[in-house]
Amino acid sequence: MIFRRKSKSGEIKRHRPKCSFCGKQQGERGIRLVAGSGVYICSECISLANEILWGHNPPAPASS
Ligand SMILES: [Zn+2]
């Protein structure tokens, strides 16, 4: 039985992670990503989730 495994030699993915929900990448205008188990969620989706969960908008980030 031949088992092909992908390059085991610690191949690090260099591409930037992106939000698993909306696809935004970290670095896009103030987007920050939170890594989960194989997924990522961005600050905007977190805000959206907060709205859905709590029914209100979280305080807007200070505009500088
Ligand atoms: Zn997102």
Contact summary for [X] and [Y], nearest pair of heavy atoms:
X   : Y   : result
Q25 : L33 : C-CD1, 4.5 Å
C42 : C19 : N-SG, 3.5 Å
S43 : G30 : OG-O, 3.6 Å

Carboxylate-amine/guanidinium contact R32 E44, below 4.0 Å: no
d(I46 CD1, L53 CG) to nearest 0.5 Å is 11.5 Å
Working to the nearest 0.5 Å, report the span between NZ of K24 and CD1 of I31. 5.5 Å
Donor-acceptor pair, S20 side chain versus Y40 backbone, under 3.5 Å? yes
Going only through I, L, V, M, F, W and Y residues with side-chain contacts under 4.5 Å, is there a path from V34 to F21? yes
